[in-house]
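Just so it is clear, the model here is predicted, and its values are computed rather than measured. Computed from heavy atoms alone, side chains included, the values below leave out hydrogens, waters and symmetry copies. Proteins get letters first, then strands, A, B, ... in listed order; numbering begins at 1 in each.
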There are 8 protein chains.
Amino acid sequence: MGHVLPSGGGKALMNVGDAALLLLDHQTGLFQTVKDITVAELRANVSALAQIATLLKLPVITTASEPEGPNGPLMPELAELAPHAVYVPRNGEVNAWDNDLFVQTVEKTGKKTLIMAGVWTSVCVMFPALDAKAAGFNVYAVVDASGDPSQMASRTTLARFAQSGVMPTTTNAVICELQRTWRRPEAAEIADIYTVATPDYRTVMESYQKAKDVGSAQKQYQDRM
Amino acid sequence: MGHVLPSGGGKALMNVGDAALLLLDHQTGLFQTVKDITVAELRANVSALAQIATLLKLPVITTASEPEGPNGPLMPELAELAPHAVYVPRNGEVNAWDNDLFVQTVEKTGKKTLIMAGVWTSVCVMFPALDAKAAGFNVYAVVDASGDPSQMASRTTLARFAQSGVMPTTTNAVICELQRTWRRPEAAEIADIYTVATPDYRTVMESYQKAKDVGSAQKQYQDRM
Amino acid sequence: MGHVLPSGGGKALMNVGDAALLLLDHQTGLFQTVKDITVAELRANVSALAQIATLLKLPVITTASEPEGPNGPLMPELAELAPHAVYVPRNGEVNAWDNDLFVQTVEKTGKKTLIMAGVWTSVCVMFPALDAKAAGFNVYAVVDASGDPSQMASRTTLARFAQSGVMPTTTNAVICELQRTWRRPEAAEIADIYTVATPDYRTVMESYQKAKDVGSAQKQYQDRM
Amino acid sequence: MGHVLPSGGGKALMNVGDAALLLLDHQTGLFQTVKDITVAELRANVSALAQIATLLKLPVITTASEPEGPNGPLMPELAELAPHAVYVPRNGEVNAWDNDLFVQTVEKTGKKTLIMAGVWTSVCVMFPALDAKAAGFNVYAVVDASGDPSQMASRTTLARFAQSGVMPTTTNAVICELQRTWRRPEAAEIADIYTVATPDYRTVMESYQKAKDVGSAQKQYQDRM
Amino acid sequence: MGHVLPSGGGKALMNVGDAALLLLDHQTGLFQTVKDITVAELRANVSALAQIATLLKLPVITTASEPEGPNGPLMPELAELAPHAVYVPRNGEVNAWDNDLFVQTVEKTGKKTLIMAGVWTSVCVMFPALDAKAAGFNVYAVVDASGDPSQMASRTTLARFAQSGVMPTTTNAVICELQRTWRRPEAAEIADIYTVATPDYRTVMESYQKAKDVGSAQKQYQDRM
Amino acid sequence: MGHVLPSGGGKALMNVGDAALLLLDHQTGLFQTVKDITVAELRANVSALAQIATLLKLPVITTASEPEGPNGPLMPELAELAPHAVYVPRNGEVNAWDNDLFVQTVEKTGKKTLIMAGVWTSVCVMFPALDAKAAGFNVYAVVDASGDPSQMASRTTLARFAQSGVMPTTTNAVICELQRTWRRPEAAEIADIYTVATPDYRTVMESYQKAKDVGSAQKQYQDRM
Amino acid sequence: MGHVLPSGGGKALMNVGDAALLLLDHQTGLFQTVKDITVAELRANVSALAQIATLLKLPVITTASEPEGPNGPLMPELAELAPHAVYVPRNGEVNAWDNDLFVQTVEKTGKKTLIMAGVWTSVCVMFPALDAKAAGFNVYAVVDASGDPSQMASRTTLARFAQSGVMPTTTNAVICELQRTWRRPEAAEIADIYTVATPDYRTVMESYQKAKDVGSAQKQYQDRM
Amino acid sequence: MGHVLPSGGGKALMNVGDAALLLLDHQTGLFQTVKDITVAELRANVSALAQIATLLKLPVITTASEPEGPNGPLMPELAELAPHAVYVPRNGEVNAWDNDLFVQTVEKTGKKTLIMAGVWTSVCVMFPALDAKAAGFNVYAVVDASGDPSQMASRTTLARFAQSGVMPTTTNAVICELQRTWRRPEAAEIADIYTVATPDYRTVMESYQKAKDVGSAQKQYQDRM
């Protein structure tokens with residue numbers, strides 16, 4: 001399936017073939033300072049992004065500035081969910097875009113659309129997002145796979161993204177923008193990923209399945225009568 | 001009444017003669033994942049949009065991506081409130097603008113102003129809104145006749161609409177922008193529609209009517225004295 | 001079905017055979033001062049109480065202190081949903097229990113369990129609730145079919161009910177406490193009443209019905225293959 | 001009108017003939033530390049209590065612990081709204097009930113029902129409330145004419161009042177409990193007091209009056225036709 | 001004092017000599033549907049705007065679309081606080097800019113900077129704001145002297161103002177932007193106006209005055225020793 | 001370890017040897033109407049209760065009133081986490097205590113302390129809790145492993161539990177009350193259960209482990225120098 | 001000063017001569033799971049309690065269950081602010097009252113009034129509070145010097161305290177209840193402690209001092225003229 | 001370290017060598033009217049900005065319009081934390097940019113990037129920010145080191161900053177943007193500054209240090225075995 005369809009669909013959407021996922025400083029010590037989203041939701045959303053990227057074969061780059069320090073280790077589930085991710089250690093730079101190896105790793109992917117998430121949103125996402133935008137990339141900031149130390153910081157960060165041309169988005173929207181259609185072989189796996197990011201969707205699917213079974217059983221029963 | 005009045009009024013408002021209403025994926029399964037508005041308010045607002053479109057003869061297009069699946073059926077009151085609506089089934093496309101028939105149906109209306117609402121706002125409204133904007137349409141997104149899976153998603157979606165030139169609006173504003181004046185034959189019917197979207201307005205009207213009756217009765221009583 | 005079952009069930013619950021519903025000052029002018037619940041929810045909950053009382057044949061008494069004044073008329077849907085309700089006009093008493101006719105009307109029902117709701121909760125429900133309790137009745141206060149002028153008032157009122165032995169409850173709980181079992185002829189009508197008080201329940205039922213139909217249709221389809 | 005009516009009404013309510021109003025430390029410096037209610041609402045509620053007490057001739061006692069210090073002067077409108085109030089200066093006691101003159105002044109009123117409000121609720125109201133209760137008085141604490149330094153303090157204070165037998169109440173409820181009936185000469189003045197404590201009620205009355213005038217004028221117009 | 005000072009100050013601020021205040025549909029019936037600000041705050045802010053405009057001799061235009069209907073009368077304090085205001089009745093137009101007389105009245109002031117407030121913000125302010133902007137005016141929308149029927153509408157309206165070039169602002173900011181300096185003869189009157197819009201400021205001033213008096217008295221006392 | 005220790009500890013706590021866990025109507029359809037807790041938290045808390053009960057060998061009873069209907073199937077993870085649970089189907093009774101088999105199953109455990117959780121709290125937990133209390137059991141209601149259709153219902157339910165002598169508690173408190181000490185063979189498994197109910201605790205443990213490893217590695221490095 | 005004054009004051013208050021402060025598990029790891037109060041406020045309140053206890057010579061007992069584990073060390077400022085505190089290590093008991101040494105240390109103080117605070121409120125405070133109450137102590141639980149893992153847990157804990165006869169209170173109320181009067185030598189030090197627990201009070205005092213100085217200086221200036 | 005690194009990093013970030021910090025009207029009287037952030041957080045954030053500016057030798061300018069009046073003195077900790085700050089008294093101008101001396105002092109620093117914070121955000125920050133922007137400066141507004149009198153004002157101010165090209169940011173982001181890397185001699189001092197602005201970060205560091213010590217001690221212990 002091409003990126004832009006004959007209908008014109010997709011012209012203003014992200015191009016799955018041109019996209020890479022950058023996960024910045026998702027460290028368990030930093031998580032404890034996040035106050036604009038629960039840590040449970042944050043981890044679930046990051047996991048869902050890692051899963052969809054793995055499924056659809058997007059390059060994934062992870063990084064941490066001081067993983068031996070109080071900021072803590074990267075959330076361990078990333079290693080499992082995106083085993084193909086490239087980890088770039090930093091030399092104390094707060095802004096990942098200040099690190100030569102990081103920028104080279106991004107450039108080596110050949111992708112011009114960068115999907116970024118990290119903790120803190122206002123710093124670890126904002127700084128490389130602004131610099132990447134200045135360097136000519138299309139940049140998406142996934143605000144609910146990121147975390148900020150206050151609600152006020154969260155609102156401010158959103159306004160600054162919008163002002164600077166970085167596109168703010170959310171985990172569900174990214175998954176949908178990459179998926180585009182349910183008529184694809186990975187549909188069932190994608191449905192599972194939604195239940196990670198949207199637990200309410202899981203109850204919807206469970207209820208649906210049960211009701212369908214009831215309908216089927218009643219039909220069978222009626223047929224027998 | 002013309003769209004732009006001699007006073008200059010209406011120059012920056014939507015043109016009722018050029019507008020179509022697109023209702024995207026208002027499915028009862030998806031409703032259960034909406035967390036930025038109550039389902040009761042969401043349904044009332046969608047109903048009010050359908051009613052005003054029917055009253056003022058705007059084209060209405062409804063669509064659903066997988067109505068046989070867990071996302072559930074379209075909210076049934078749409079069939080009753082906008083019987084003239086054209087329903088476009090999709091073939092699994094998440095983005096309605098990816099579907100040829102949908103885009104053709106929109107184009108066949110001949111309207112260049114699209115009023116969109118749907119569930120999820122960040123996906124089912126955002127994607128076709130961005131693509132329609134890219135295709136040259138004037139696009140309004142009715143955020144309170146739409147729903148997103150979290151408050152954070154809701155705020156993010158609003159920022160992205162504004163950033164991309166899609167005009168965010170609300171149900172009441174749309175009704176007013178289409179109505180323009182109370183000196184029109186449909187005034188009473190429009191007043192009824194407001195009570196659907198704004199239940200507090202209903203109490204205001206009931207209280208008013210009662211007080212007017214009291215005033216009238218007291219006058220009558222005084223006249224007799 | 002008896003009130004207390006052989007299992008001991010119902011011993012601590014309200015007795016449908018001994019209960020009357022008192023709706024106090026649900027006037028549209030007063031509604032405009034309610035700030036602890038939306039007016040839409042308040043009206044829906046009062047309507048649901050009126051419907052279940054009518055269905056299960058509980059006596060209903062309505063009253064208003066000054067319906068000709070700014071407090072406005074009783075919400076008009078009561079007349080339709082509980083046509084058997086007895087309306088007691090008052091002579092300016094704030095506390096319905098101060099009115100002889102009201103107390104006599106209550107006593108004439110012969111019921112000792114009073115389910116009360118009204119606006120304001122802290123006044124129009126609290127005062128007769130306290131006095132009825134002092135007169136030996138079992139009193140339930142339905143807090144979400146009532147309304148108070150602030151969140152702070154609402155919390156305070158709840159604490160005072162609990163302190164004084166008036167049992168605080170909610171609309172859904174009252175319906176369930178009266179219903180007791182789904183194996184009764186009125187089950188379908190009761191299900192409809194739930195959708196009035198809990199609009200989310202409506203989407204659950206609609207989704208369920210659709211999914212059951214899909215299951216049934218697929219079975220039929222499979223059978224044909 | 002007696003306190004307990006033939007209907008039994010009023011048996012569980014406060015007795016206007018036996019009540020005194022105690023306003024404790026409503027000082028402008030302390031107001032700046034109040035976080036569970038806006039200062040505007042707090043002042044309006046205290047003013048309304050002072051007005052109803054003056055109108056219905058309840059004894060009023062005001063007090064402050066260190067009015068020359070940072071806690072600031074008593075809110076000046078009290079002098080105007082309750083000119084008959086007795087002011088008891090304290091000698092640094094935090095708990096007004098620790099001050100001999102204060103307790104004597106209370107006892108001299110001969111009233112056994114004490115309506116208390118003050119800042120902070122958890123201290124300046126709680127301490128004398130507990131001691132007065134221990135001394136045999138019936139004590140009401142008006143939580144929205146009082147203020148606490150956090151929402152958490154506010155909730156905790158409410159729970160402790162209820163636990164200890166102090167009756168928590170609100171300004172509107174106190175006015176209503178003292179008023180009892182609209183058929184009294186002071187009805188118009190009482191209506192004005194409600195608009196102080198409940199500004200929404202003012203809009204209801206203004207709208208009512210206008211609508212009644214419209215009704216009367218239309219009747220007159222119809223009569224002329 | 002000139003608008004732009006030698007320091008460059010004021011270059012980006014509103015010009016008091018070029019400004020007019022437009023108060024749109026502040027009607028007591030509509031107030032009852034406002035849910036993004038309390039009615040008490042809304043009225044106080046509108047009053048403060050009327051007062052500063054009167055004090056600094058800005059033209060004021062008021063208008064209402066259907067003051068005989070359920071929307072109710074204009075809030076009566078406007079007549080007192082801005083006696084020089086010109087009232088423009090409308091003929092049922094929702095958008096004031098659709099009314100010839102209204103636009104002519106605006107143009108007759110000769111001012112190019114319009115400060116607008118009204119109820120609903122999303123309609124009665126938004127529509128003329130967009131049209132005035134299109135007609136070449138500088139437009140400020142005072143969001144806390146306006147009201148919308150939900151928090152979601154309020155956020156959406158703010159985003160649409162910003163997107164369209166209408167400058168969102170608040171009552172305090174407008175007063176300050178008009179005042180510019182405390183070294184002016186009207187300083188004391190302006191200070192009074194702040195206490196209307198910001199009740200907390202009143203307690204600050206009262207506490208200050210008392211403390212200053214205490215300081216003065218102590219000095220006097222020390223001098224005597 | 002005995003229930004009451006020589007220190008007197010445990011005298012007022014629940015007795016693990018005398019306790020059974022009752023899980024009432026945790027059905028995926030009902031989950032979609034829960035509004036006082038997120039479904040993700042609710043499921044996690046129920047899962048944690050099931051795990052601790054399995055680990056510590058408490059009897060578990062599950063039940064559902066109409067699992068073939070719109071209320072949906074029991075949450076499927078219960079079967080896995082508490083495989084020893086006894087499932088009691090009901091015959092349409094809303095109140096589990098109305099069902100003979102249910103009460104017999106409870107009595108057969110021989111336990112007098114019942115830990116209850118369910119959906120809705122105000123109905124499916126409240127009714128059997130009140131009846132069990134009346135039948136002489138000690139009853140704990142786990143409010144965050146239960147769900148109610150509104151915040152107002154949630155607060156009301158809590159007040160009614162407290163008023164009636166049912167002890168309100170939370171998942172973490174129950175786990176701790178059953179655990180009593182970390183010096184027991186199951187300590188590591190219990191720590192895992194906490195991370196289910198309190199995801200923030202997981203980040204604390206991950207950060208701790210990493211920091212301890214860093215400390216250990218640095219020591220090793222220093223030793224080598 | 002005696003505990004109960006001639007006025008009767010203090011009869012229902014805590015007796016400073018009979019009170020001890022118990023600080024339970026204020027560990028930095030646990031702090032990261034607290035969600036009903038900010039950690040900054042929690043630490044400030046605990047510090048203020050430690051300071052007032054030190055100033056007024058109340059016995060202080062601190063304890064931790066597993067300070068070498070992920071729960072982290074006791075907050076270090078306790079050692080400085082209450083150097084006389086006795087630290088009781090525990091052997092893995094969750095409930096401090098299960099530990100013989102802890103109960104003995106409490107008993108050795110000879111005090112019968114216990115002021116408790118800790119993390120989690122629902123566990124580390126609740127369990128020893130219930131057991132101490134059962135053992136005949138008067139128990140106060142300081143809810144804002146304690147922390148719980150959710151708002152729902154916090155509300156539930158408060159209800160269970162009230163139900164069981166444990167008196168819920170807050171830091172400010174405890175300080176005031178211990179202080180009783182400003183006419184004591186430690187008044188200035190107590191004022192400093194308030195600024196720790198109530199930062200807004202600090203601005204009130206700073207503003208007061210400045211204004212008093214201004215008053216004094218103006219007087220001096222006037223005297224010279 | 002240069003501002004823009006070879007990687008391209010820093011191109012879109014603020015340049016520490018070109019920046020000055022302007023602290024506008026942080027007066028204790030005004031603090032009492034701030035309602036969009038707690039005063040404790042506001043003071044902590046301003047302190048952190050002063051500390052980082054002092055550490056990294058940025059020019060700091062403070063100002064107040066009427067420090068002898070009710071607005072109160074500048075927060076006293078500024079004198080200690082930024083002893084090199086230049087204080088510019090104003091002559092009653094609300095807008096600091098209206099004051100010649102202020103603008104000259106800014107220009108004398110030779111910096112073109114201005115980091116502004118103050119109270120009220122909507123006035124004392126907004127006005128000079130707009131004028132400085134118009135004069136060609138790059139302007140950052142630190143919203144959480146500033147304060148506004150309502151949440152509505154806060155949101156409106158943020159929108160107006162974004163609309164006008166003033167960059168909204170937060171204290172943590174500014175510190176990070178100035179710091180750029182942990183591999184610098186001041187790293188430990190910067191870490192201390194973070195604990196001022198983010199108290200949760202302090203618990204993370206304390207827990208980390210303890211866990212590292214435990215790891216080190218266990219290693220030592222194992223080595224000995």
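Residue Val94(B) touches chain A through both its backbone and its side chain, counting heavy-atom pairs closer than 4.5 Å. Contacts between Val174(A) and chain B at a heavy-atom distance below 4.5 Å are absent for every atom of the residue. For Glu177(A), the parts lying near chain B are the backbone and the side chain together; criterion is any non-hydrogen pair under 4.5 Å.
The nearest pair of heavy atoms linking Asn95(B) to Leu13(A) is ND2-CD1, 3.6 Å.
Two residues are said to be in side-chain contact when any heavy atoms from C-beta on lie closer than 4.5 Å; Thr169(A) and Arg160(B) meet this criterion. At least one side-chain heavy atom of Leu30(B) sits less than 4.5 Å from a side-chain heavy atom of Tyr201(A). Trp120(B) places a side-chain heavy atom less than 4.5 Å from the side chain of Thr198(A). When side chains are defined from C-beta on, Gln163(B) counts as touching Pro168(A), because their heavy atoms get closer than 4.5 Å.
Between the side chain of Gln32(B) and the backbone N or O of Val204(A) there is no donor-acceptor pair closer than 3.5 Å.
Applying a 4.5 Å heavy-atom cutoff, the residues of residues 147-159 of chain B that approach chain A are Pro149(B), Met152(B), Ala153(B), Arg155(B), Thr156(B), Ala159(B). For residues 130-142 of chain B, heavy-atom neighbours of chain A at less than 4.5 Å comprise Leu130(B), Asp131(B), Ala134(B), sorted by residue number.
Glu66(B) has a carboxylate O that lies under 4.0 Å from a charged side-chain N of Arg183(A), or vice versa, which qualifies the two as a salt bridge.
Atom-to-atom distance recorded for Glu68(B):CD and Tyr208(A):OH is 7.0 Å, nearest 0.5 angstrom. Between atom NZ of residue Lys11(A) and atom CH2 of residue Trp97(B) there is a gap of 11.0 Å, rounded to the nearest 0.5 Å. We find the CD-CD distance between Glu93(B) and Gln179(A) to be 11.0 Å, quoted to the nearest 0.5 Å.
A side-chain contact (heavy atoms from CB on, under 4.5 Å) with Leu5(A) holds for exactly one of Asp100(B), Asn99(B), Val103(B), Asp98(B); it is Asp98(B).
Within 6.0 Å of CD on Glu80(B) lie no more than 12 heavy atoms contributed by other residues, nucleotides or ligands.
Note: Met167(A) leads Met167(A), Met205(A), Lys212(A) in heavy-atom pairs under 4.5 Å with chain B. Of the listed residues (Ser122(B), Gly29(B), Gly69(B), Ser65(B)), the one with the most heavy-atom contacts under 4.5 Å to chain A is Gly69(B). Most heavy-atom pairs under 4.5 Å with chain B, from the set Ala197(A), Gly8(A), Cys176(A): that is Cys176(A).
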